[in-house]
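So the structure is just underneath, and the comments pick up after that.
Reminder, nothing fancy here: chain letters follow the sequence lines and each chain counts from 1.
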Number of protein chains: 2
Amino acid sequence: MAARDYGQSSGITRALELIGERWALLIVRDLLVGPRRYGELAAGLPRIPTNILASRLKELQEAGVLRRAPRSRVIVYELTPFGRELEPVVLALGAWGFKAMGGARDEQAISPDSMTMDLRSAFRPEAAAGLPPTAYAARLDAAELLIRVDGPALDVQRGPGPADLVFEGGRAIHRLITGEIAPQRAITDGLVRVRSGDGLLLDRFATTFRLAA
Amino acid sequence: MAARDYGQSSGITRALELIGERWALLIVRDLLVGPRRYGELAAGLPRIPTNILASRLKELQEAGVLRRAPRSRVIVYELTPFGRELEPVVLALGAWGFKAMGGARDEQAISPDSMTMDLRSAFRPEAAAGLPPTAYAARLDAAELLIRVDGPALDVQRGPGPADLVFEGGRAIHRLITGEIAPQRAITDGLVRVRSGDGLLLDRFATTFRLAA
DNA sequence: CAGTATCCCTGCTGATACTG
DNA sequence: CAGTATCAGCAGGGATACTG
């Protein structure tokens with residue numbers, strides 16, 4: 001722990017000593033969506049070496065950020081209250097990074113958990129407050145995300161469910177949110193494929209989730 | 001840039017690719033206080049190797065976070081508007097880390113810039129709004145900080161100036177803010193030494209700046 | 001003062017193998 | 001499945017010396 005010591009006493013140095021190591025904050029990000037098992041974390045972070053995941057989990061546990069919790073025969077990792085207090089940090093950092101995001105290259109995956117947190121980052125309660133309750137279903141590579149907006153409240157769940165608009169096209173959502181591409185243009189260009197529902201609802205989606213570059 | 005690539009497309013991974021390297025966010029922190037010269041940055045980050053400082057500055061410049069700016073014969077580094085948008089991130093992260101901060105060890109320095117940002121993190125506008133305008137002067141190891149609170153507005157400047165309360169005791173301020181020690185206790189124990197003004201104003205200080213653990 | 005150059009070493013990576 | 005263990009290769013960080 002001496003190696004990562006910054007030799008300075010301040011809030012940020014302390015924070016960075018706890019969650020500044022490579023991969024650490026991404027583990028926190030995924031756990032902000034919900035408790036996860038070891039294999040789920042590994043699946044959501046495709047490039048993390050398994051030994052690094054194991055050591056990070058141990059370090060974050062010692063730091064009081066997360067805990068191992070037995071859940072009916074299996075172990076899950078979940079954030080402690082202290083760890084959950086990182087939510088504003090992760091959301092703010094995600095919002096900032098989002099603005100500097102070029103188009104996703106093909107070799108870059110989009111995990112359900114990362115997309116969930118990106119949606120939370122980009123959610124505009126003020127803009128959503130005036131709109132009718134809407135449920136969107138977004139199909140990613142393998143998973144499906146059920147996004148329910150009701151006034152200023154947002155709920156993102158994994159798995160299928162009844163939705164007003166069902167669409168496909170994982171990596172185009174990012175370009176929608178940054179405003180890089182217009183919703184209807186995304187549909188006509190085939191970047192977003194509407195599977196069910198009125199395609200015009202994609203405009204509402206793009207109004208609800210937005211981060212200007 | 002391939003090494004630090006997380007192989008995932010999301011706001012947070014992008015952010016971490018830009019400012020996730022060791023020392024990077026500390027440079028941003030100090031520049032949030034104001035433009036700084038190379039030597040000033042080095043002085044504020046006592047343990048940073050000079051080659052690392054040089055590469056970080058280059059990388060952050062390429063990332064569009066900061067720029068080199070000529071100021072009458074000397075070069076200063078200053079944040080771009082994009083870089084300045086990291087302020088909420090740094091404040092939130094600092095507030096979080098602050099709560100996990102044990103007492104500062106002696107070998108840990110407290111730089112004026114880090115203290116300035118810690119004060120900004122811990123400032124409670126709601127609590128300060130009802131209090132009369134107050135100026136505090138805090139003497140650190142070498143420098144002096146002039147902290148002016150006027151209603152919900154906070155201004156922290158370097159250097160001396162007229163203050164209602166002048167006190168000394170850099171590392172005790174942190175313990176004051178976390179509530180680890182009571183203001184009057186800090187004075188009687190000699191952790192904070194009042195140089196001028198009414199020592200009771202330290203209570204007001206501790207009300208204005210607070211981060212519960 | 002504002003960096004550049006050099007060298008050593010730690011930690012991360014990536015692959016794979018193993019265990020309860 | 002949920003990890004632990006091991007290991008070779010390498011990039012980044014640390015310490016220090018050096019330069020315009």
Who pairs with B:Arg71 by salt bridge (Lys or Arg N to Asp or Glu O under 4.0 Å), at least two apart in sequence or on another chain?
B:Glu78
Looking at every heavy atom in both B:His174 and A:Ser9, which two are closest together, and how far apart are they?
CE1-O, 3.1 Å
Whole-Å gap separating C1' (C:dG14) and CG (B:Asp5)
15 Å
Strictly by side chain to side chain donor-acceptor pair (under 3.5 Å), give each pair with a member in residues 159-172 of chain B just once, sequence neighbours left out.
B:Glu168-B:Arg195
For B:Leu176 and B:Ala186, the nearest pair of non-hydrogen atoms, with its separation, is CD1-CB, 3.9 Å
Report the residues that fulfil side-chain hydrogen bond (donor to acceptor under 3.5 Å, both in side chains) with B:Arg193, sequence neighbours left out, ordered by chain and then residue number.
none
Separation of C:dA2 atom C1' from B:Arg71 atom CZ, nearest Å, is 17 Å
Residue set satisfying side-chain hydrogen bond (donor to acceptor under 3.5 Å, both in side chains) with B:Glu87, at least two apart, ordered chain then number -> B:Arg120
Output all residues satisfying side-chain hydrogen bond (donor to acceptor under 3.5 Å, both in side chains) with A:Asp189, sequence neighbours left out; order by chain, then residue number.
A:Arg185
Can you run down the ring pair (Phe, Tyr, Trp, His ring centres under 6.0 Å) pairs that involve residues 9-42 of chain A, sequence neighbours left out, and say none if there aren't any?
A:Trp23-B:Tyr6
Any base atoms under 4.0 Å from A:Glu40, or only sugar-phosphate, or nothing? Heavy atoms, all strands.
nothing
For A:Trp23 and C:dT13, is the shortest distance between a side-chain N/O and OP1 or OP2 below 4.0 Å?
yes
May I have the distance from A:Arg36 (atom CZ) to D:dA2 (atom C1'), rounded to whole angstrom?
17 Å
Pairing string, 5' to 3', for DNA chain D - Watson-Crick or wobble contacts under 3.5 Å, brackets [ ] where pairs cross, | to another strand:
||||||||||||||||||||
Sort me out a list of protein N/O and nucleotides 3-7 of chain D N/O pairs below 3.5 Å, or just none if empty.
residue, atom, partner, partner atom, Å
D:dG3, OP1, A:Arg68, NH2, 2.9
D:dG3, OP1, A:Tyr77, OH, 3.1
D:dG3, OP2, A:Tyr77, OH, 3.2

Partner set under side-chain contact (heavy atoms from CB on, under 4.5 Å) for B:Pro70, not counting sequence neighbours:
none
Take atom CG of B:Leu53 and atom P of C:dA5, then tell me their distance rounded to the nearest Å.
16 Å
Filtered N/O pairs between nucleotides 18-20 of chain D and protein, under 3.5 Å:
none

Given atom CZ of A:Arg73 and atom P of D:dA2, what is their separation to the nearest angstrom?
12 Å
Report the distance from atom CD1 of B:Ile52 to atom C1' of C:dT10, rounded to the nearest whole Å.
12 Å
Tell me, please, which residues at least two apart from B:Thr134 pass side-chain hydrogen bond (donor to acceptor under 3.5 Å, both in side chains).
B:Arg204
What is the separation between atom CD on B:Glu17 and atom P on D:dG12, rounded to the nearest whole Å?
13 Å
Does B:Arg56 make a side-chain N or O approach to OP1 or OP2 of D:dG12 shorter than 4.0 Å?
no
Let me have the donor-acceptor pairs involving side chains of residues 139-150 of chain A, under 3.5 Å, with sequence neighbours excluded, atom names and distances please.
residue, atom, partner, partner atom, Å
A:Arg139, NE, A:Glu144, OE1, 3.3
A:Arg148, NH2, A:Asp155, OD2, 3.2

Report the distance from atom CD1 of A:Ile48 to atom P of C:dA15, rounded to the nearest whole Å.
15 Å
